[in-house]
Number of protein chains: 2
Amino acid sequence: MQISELSDRSGLTVQTIKFYIREGLLPRGSAVSATRSEYDRRHLERLRLISALREVGDLPVAAIQQIITAIEDDTVSLHELFGTTQYAIGPHVAAPQDPNWRAAREDVDALVRELGWNVTERAPARDLLAHTFVALRRLGFPITLTDLRPYVRAAREVAEHEIGRVTDGASRARTVHSLLVSTVLYEQVLTALHRLAQEDASARRFGTG
Amino acid sequence: MQISELSDRSGLTVQTIKFYIREGLLPRGSAVSATRSEYDRRHLERLRLISALREVGDLPVAAIQQIITAIEDDTVSLHELFGTTQYAIGPHVAAPQDPNWRAAREDVDALVRELGWNVTERAPARDLLAHTFVALRRLGFPITLTDLRPYVRAAREVAEHEIGRVTDGASRARTVHSLLVSTVLYEQVLTALHRLAQEDASARRFGTG
DNA sequence: TCGCTTGGATACCGGCACTATCCAAAGGGG
DNA sequence: CCCCTTTGGATAGTGCCGGTATCCAAGCGA
């Protein structure tokens, strides 16, 4: 198919597709002549993946580029791809020497150790959690490990479910999509349901009717 | 205190503080002379709140502005403030006439109804969830209500815990902070723990050691 | 033949969250 | 009292990001 058809079917403009090619998110079509290239189903699927990661997952283009690079390297295992995705998602904070921050990060590391979770030292999610600790404490809402218990429980159950859902038998492409979907997209599902459940709880507690 | 001290204590530059005043996130100090204003503890607390919502919650300035406006209006109830926050957080999607989108949104509405949740029709989280449905289906990963069960359970438990934690006896300012913290900041806590739990699950399932 | 599409390159744009500058009018230490 | 710094307030500029727009030469196709 030509780029115009790719555009129609993906819902993205030709310009945007060219942009994604420039940025290395999408491989070039196979050149048929100097002014014609042929695109196939995989290009379309790739574009759908990019759209999902951008529009739903809200990932920056640069992060998607890193993920794509890992996807296209067949020597990258599923777990390594997972790590790449986590790292690309961020946040990327240069650890400040603020003692409060250091203490929070220490608490996070202790928590992970206590839970026995097998998580990289560099996982940005550690920083994200530490960041929330610092902010909570600065606002005068100290956080303790018992406060976290319900969150840990919920996170563990949901994560277990997600990783278990990754289809392992199919093609690598399919499996990889399955993994990304389970992590990036279902994170949004959890967030959305969390907000809805909060609103309901708020209505019951504070609502007037 | 003067603006320079406010700057030191909040960790924000004088420029940024002035910017927040211009944007209506922070009230002006009480003018002492043409070139001197007095700031107090509330200004500092406000700045800490703004920083938390910006840096940890990743809210845009415009969203924080809406929340602040609601905070400062004493006639706004806690539940209304909650709604304002949810709305400010977004996403703000102009519902397209795409039939897939309509169907997804219908599914979300049906789910909310079935759960008996008391949630506004306009809650952006409905759109967020619908958005994920569309993306998942386009990628060939259809989603069913049973898939959602673990998420619903987790979301409900955590939300219940959060709303229950909102301190109701203290001053309005304190209660309001408590509510915002419980929603915006703990959303990040949940996200971070979710990612960590996923990495652990991934390590166990796909890890090499 | 003639208009439309394409590949490829380059330039440009709008939104966002600051950041820099400037000015006149105070402080305030020596 | 002098002079250096700080401040309030306004206006302009910056850097990043994710696209858009434009242009050109080279096909394609009716």
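Only this structure's heavy atoms are used, side chains among them; waters, hydrogens and symmetry mates stay out. Every chain is numbered from 1, with letters handed out A, B, ... down the list of sequences.
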Exercise for the section: Specify whether B:His92 and B:Tyr87 have parallel, tilted or perpendicular ring planes, treating 30° as the upper limit for parallel and 60° as the lower limit for perpendicular. Expected result: tilted
Handout entry: 5' precedence on DNA chain C between B:Arg54 and B:Ala34 (nearest-nucleotide basis)
Key = B:Arg54
Exercise for the section: For A:Ile3 and for B:Ala62, locate the closest nucleotide of DNA chain C by heavy-atom distance; then report the residue assigned to the nucleotide nearer the 5' terminus. Expected result: A:Ile3
In whole Å, I'd like the distance from the [atom1] atom of [X] to the [atom2] atom of [N].
X       : N      : atom1 : atom2 : result
A:Glu55 : D:dG19 : CD    : C1'   : 12 Å
B:Leu59 : C:dC16 : CG    : P     : 14 Å
B:Asp58 : C:dA17 : CG    : P     : 9 Å
B:Arg28 : D:dT7  : CZ    : P     : 16 Å
A:Ile17 : D:dT20 : CD1   : P     : 12 Å
A:Gln15 : C:dC12 : CD    : C1'   : 12 Å
A:Glu23 : D:dC17 : CD    : P     : 10 Å
B:Leu25 : C:dA17 : CG    : P     : 10 Å

Fill in the blank from the handout: Assert: residue with more 5' nearest nucleotide on DNA chain D, out of A:Tyr20 and A:Thr35, is A:Tyr20
Problem - Residue mapping more 5' on DNA chain D - nearest nucleotide basis, A:Arg36 or A:Thr13 - result: A:Thr13
Exercise for the section: State, yes or no, whether a side-chain contact exists between A:Val189 and B:Asp147 at a heavy-atom distance under 4.5 Å. Expected result: no
Exercise for the section: Could you check if a side-chain atom of A:Trp117 sits within less than 4.5 angstrom of a side-chain atom of B:Leu193, using non-hydrogen atoms only? Expected result: yes
Counting just side-chain N and O atoms, does [X] come under 4.0 Å of either OP1 or OP2 of [N]?
X       : N      : value
A:Tyr39 : C:dT6  : no
B:Ser4  : D:dT7  : yes
B:Thr16 : C:dA17 : no
B:Gln2  : D:dT6  : no

For the side chain of [X], starting at C-beta, report the closest nucleotide among [options].
X       : options                : value
A:Phe19 : D:dG9, D:dG18, C:dA17  : D:dG18
B:Lys18 : D:dG18, D:dG8, C:dA26  : D:dG8
A:Ser33 : C:dG27, D:dT20, D:dG27 : D:dG27
A:Arg22 : C:dG7, C:dT6, C:dA11   : C:dA11

Practice task
For B:Glu187 and B:Thr191, test the side chains for any donor-to-acceptor distance below 3.5 angstrom and give the result as yes or no.
Solution key: no
Practice task
Decide, yes or no, whether a salt bridge links B:Arg195 with A:Glu162 under the criterion of side-chain N to carboxylate O below 4.0 Å.
Solution key: no
